Amino acid sequence: QLTGWRLDEIKGKEWFATFLPERDRDRIRALFHTATHDTPTRGNVSPILTRAGGEREIEWHDQMLRDADGRVTSLLAVGIDVTDRRRTERALRESETRLRTIIESEPECVKLLDANCTLLDMNPSGLRMIAADSLDQVRGLNTLDLLDSNHRQMFRDGVAAVFRGESTQQIFQVVALDGQRHWMEQHAVPMWDSEQPGRVKQMLAVTRDISERKRAEAREEAHMSRLKRLSQFSLMLSGDSSAVFERVVRMMGELFEVKVVCLSEIAGMELRFRAVYVNGQVVANAGGCPLGITPCATVEETKDLRVFDH
């Protein structure tokens, strides 16, 4: 049935010439001679030809048969058709190769963890993110050691959720091997055990570096805070003048993140410092100096607004 031949058509014919592809005949003859020297061969896989000209892959188990005097009389060969199994194995290997190629070329970090947060595998992009020279350098490392201490419990809880069968999304800060800090956004899913249904074998996570996004968000937040404080500026311009001046210089120093703000009054040929903000401290009525030695003299003369470097 396997070869398509009837026994009476092939009985007595030479096995090698009839059933083996020409490319394999010398190799199989050598195996045959090994078996005839009382060395059983087991698990050898080789193709045979069918009557229609096709090929089937056969896994052979050979044993010599002897007569009562111990003389070799024949070779008993039991062959198992493994064509479909081998085809499946090849397809699986090709699929794994394609998947590995995709993962290794992925610009985001792709990693596998066990239930204890131990790193099992990581693609080249992920290794670069944590400043690792190779996978061997970090394989087996507990990933909690790479996290900011404030985020470790959250990360541990997320891993536990994945091993309960859930998908998670988390944002945390990583401290790379070179000491650099990076904000990361991670999406993680369970990888189920094919041999034990219902059991999560590993956690698959895709992580991207969002440090620049976090910096942009911080800049935007600071900008909005400045706008909010500017909108409150008019509320500060009432009440005792000295108190108003002190509030204004403090707000301007904090708003524009500068070290010194000076609110001055021109009185004749003198410049009087009504309020001065220096590194977080405010001094009211901080003295004065001759107007002529300051940039304000030019401003007073031309009535123009000028910007000076110092």
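The structure presented is a predicted model; accordingly, all values stated were derived computationally and were not measured.
At a cut-off of 3.5 Å, with distance as the only test, a side-chain donor of Asp209 or Ser211 sits close to an acceptor on the other residue. The closest side-chain donor-acceptor pair between His61 and Glu59 falls under 3.5 angstrom. Using modelled atom types, one finds no donor on one side chain facing an acceptor on the other under 3.5 Å when comparing Arg152 with Ser149.
One distance of note links OG of Ser225 with CD of Glu254; it measures 10.0 Å at 0.5 Å rounding. Distance check, rounded to the nearest 0.5 Å: CD1 of Ile130 to CD of Gln137 gives 8.0 Å. Expressed to the nearest 0.5 Å, how far CZ of Arg23 lies from CD1 of Ile28 amounts to 10.0 Å. Met203 CE to Leu112 CG: the interatomic distance, rounded to the nearest 0.5 Å, is 9.0 Å. Annotation: the span from Asp26 atom CG to Phe16 atom CZ amounts to 10.5 Å, rounded to 0.5 Å. Separating the CZ atom in Phe19 from the OG atom in Ser46 is a distance of 12.5 Å, to the nearest 0.5 Å.
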From CA spacing to verdict: salt bridge (Lys or Arg N to Asp or Glu O under 4.0 Å), Glu270, Arg272 | CA-CA 6 Å; Glu270 185 181 14; Arg272 297 175 182 173; 3.5 Å; yes
Which is it for Thr73 and Arg66 under the side chain to side chain contact (heavy atoms under 4.5 Å, CB included) test, yes or no, and what are the steps along the way?
-> CA-CA 5 Å; Thr73 58; Arg66 300 175 181 277; 5.6 Å; no
Do Asp81 and Thr83 pass the side-chain hydrogen bond (donor to acceptor under 3.5 Å, both in side chains) test, and can you show the C-alpha distance, the side-chain angles, and the key distance before you say yes or no?
-> CA-CA 6 Å; Asp81 186 1; Thr83 306; 2.7 Å; yes
Apply the test side chain to side chain contact (heavy atoms under 4.5 Å, CB included) to residues Cys289 and Thr294: give CA-CA distance (whole Å), side-chain angles for both, the deciding distance (0.1 Å), then the verdict.
-> CA-CA 8 Å; Cys289 69; Thr294 71; 3.5 Å; yes
Salt bridge (Lys or Arg N to Asp or Glu O under 4.0 Å) between Glu185 and Arg213: does it pass, once the steps are laid out?
-> CA-CA 11 Å; Glu185 182 181 66; Arg213 190 182 87 188; 3.6 Å; yes
Go through the steps for Asp193 and Val200 under the test side chain to side chain contact (heavy atoms under 4.5 Å, CB included), then give the verdict.
-> CA-CA 6 Å; Asp193 192 333; Val200 178; over 6 Å; no
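Through ILVMFWY side-chain contacts below 4.5 Å, Leu92 is grouped with nothing and stands alone.
When side chains are defined from C-beta on, Asp114 counts as touching Leu120, because their heavy atoms get closer than 4.5 Å. Side-chain contact check for Thr118 versus Thr143: every heavy-atom pair is 4.5 Å or farther apart. Here the side chains of Pro21 and Leu49 are in contact, with some heavy-atom distance below 4.5 Å. Between Leu135 and Met122, some side-chain heavy-atom pair lies under the 4.5 Å cut-off. Considering only heavy atoms from C-beta on, Glu55 stays 4.5 Å or farther from Thr50 through its side chain. With contacts defined as side-chain heavy-atom distances shorter than 4.5 Å, the pair Val110/Leu204 qualifies.
Within 6.0 Å of CD on Glu195 lie no more than 12 heavy atoms contributed by other residues, nucleotides or ligands. Crowding of Lys201 atom NZ: a count of heavy atoms from other residues, nucleotides or ligands under 6.0 Å not exceeding 12. Heavy-atom contacts from other residues, nucleotides or ligands closer than 6.0 Å to CD of Glu22 number 12 or fewer. The local environment of CD in Glu221 is sparse, with at most 12 non-hydrogen atoms from other residues, nucleotides or ligands closer than 6.0 Å.
No donor-acceptor pair closer than 3.5 Å links the side chain of Asp69 to the backbone N or O of Arg71. The backbone N or O of Asn116 sits less than 3.5 Å from a side-chain atom of Asn142, completing a donor-acceptor pair. Between the side chain of Gln170 and the main chain of Met154, a donor-acceptor pair closer than 3.5 Å is present. Panel note: side chain Asn123, backbone Glu108; a donor-acceptor pair is recorded below 3.5 Å.
Annotation for Val138 and Ala132: closest pair CG1-CB, 3.8 Å, computed over non-hydrogen atoms. In this structure, Ala77 and Asp62 approach most closely via the heavy-atom pair CB-OD1, 3.3 Å. Heavy-atom minimum distance, Thr168 versus Gly158: CG2-O, 3.7 Å. Between Cys117 and Val159, the shortest heavy-atom distance links the atoms SG-CG2, 3.9 Å. For Gly198 against Trp192, the heavy-atom pair with the smallest separation is O-CZ3, 3.5 Å. Minimum heavy-atom separation, Val276 to Cys262: CG2-SG, 4.0 Å.
With Cys109 as the partner, the side-chain contact (heavy atoms from CB on, under 4.5 Å) test is satisfied by one option alone out of Gln186, Met129, Met184: Met129.
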For residues 277-284, run the donor-acceptor check on the side chains, cut-off 3.5 Å, and write out each pair with its distance to 0.1 Å, sequence neighbours left out.
unit_1, atom_1, unit_2, atom_2, d
Tyr277, OH, Gly280, N, 3.4

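Under the 4.5 Å side-chain contact rule for hydrophobic residues, Val45 and Ile48 do not share a cluster. Put simply, Leu20 and Trp60 are part of the same group of oily side chains (I, L, V, M, F, W, Y) that touch within less than 4.5 Å, one to the next. Under the 4.5 Å side-chain heavy-atom criterion for grouping Ile, Leu, Val, Met, Phe, Trp and Tyr, Trp15 is connected to Leu75 within one hydrophobic cluster. By the rule that hydrophobic residues join a cluster once side-chain heavy atoms approach within less than 4.5 Å of another member, Leu271 and Phe245 end up as members of separate clusters. Connection of Val175 to Leu144 is not established within any shared hydrophobic cluster, with ILVMFWY side chains joined at heavy-atom distances below 4.5 Å, either directly or through further cluster members.
Counting only residues at least two apart or in different chains, salt bridge (Lys or Arg N to Asp or Glu O under 4.0 Å) contacts with residues 159-169 comprise Arg164-Glu166. Counting only residues at least two apart or on different chains, the ring pair (Phe, Tyr, Trp, His ring centres under 6.0 Å) pairs with a member in residues 152-177 are Phe155-Phe172.
The residues Asp121 and Lys111 are annotated as not salt-bridged, no charged nitrogen and carboxylate oxygen being separated by less than 4.0 angstrom. At a threshold of 4.0 Å, the pair Glu89-Arg87 does not count as salt-bridged, since none of the basic side-chain nitrogens sits closer than that to a carboxylate oxygen. For Arg29 and Glu14, the salt-bridge test passes: some basic side-chain N is under 4.0 Å from an acidic carboxylate O. Salt bridge present: Arg90 and Glu57 bring a charged side-chain N and a carboxylate O closer than 4.0 Å. Ion pairing between a basic and an acidic side chain is recognised when a charged N comes within 4.0 Å of a carboxylate O; Glu257 and Arg219 show no such pairing.
Among residues two or more places apart in sequence or in another chain, the ring pair (Phe, Tyr, Trp, His ring centres under 6.0 Å) test is passed with His151 by Trp183. In this structure, the salt bridge (Lys or Arg N to Asp or Glu O under 4.0 Å) partners of Asp8, at least two apart in sequence or on a different chain, are Arg6.
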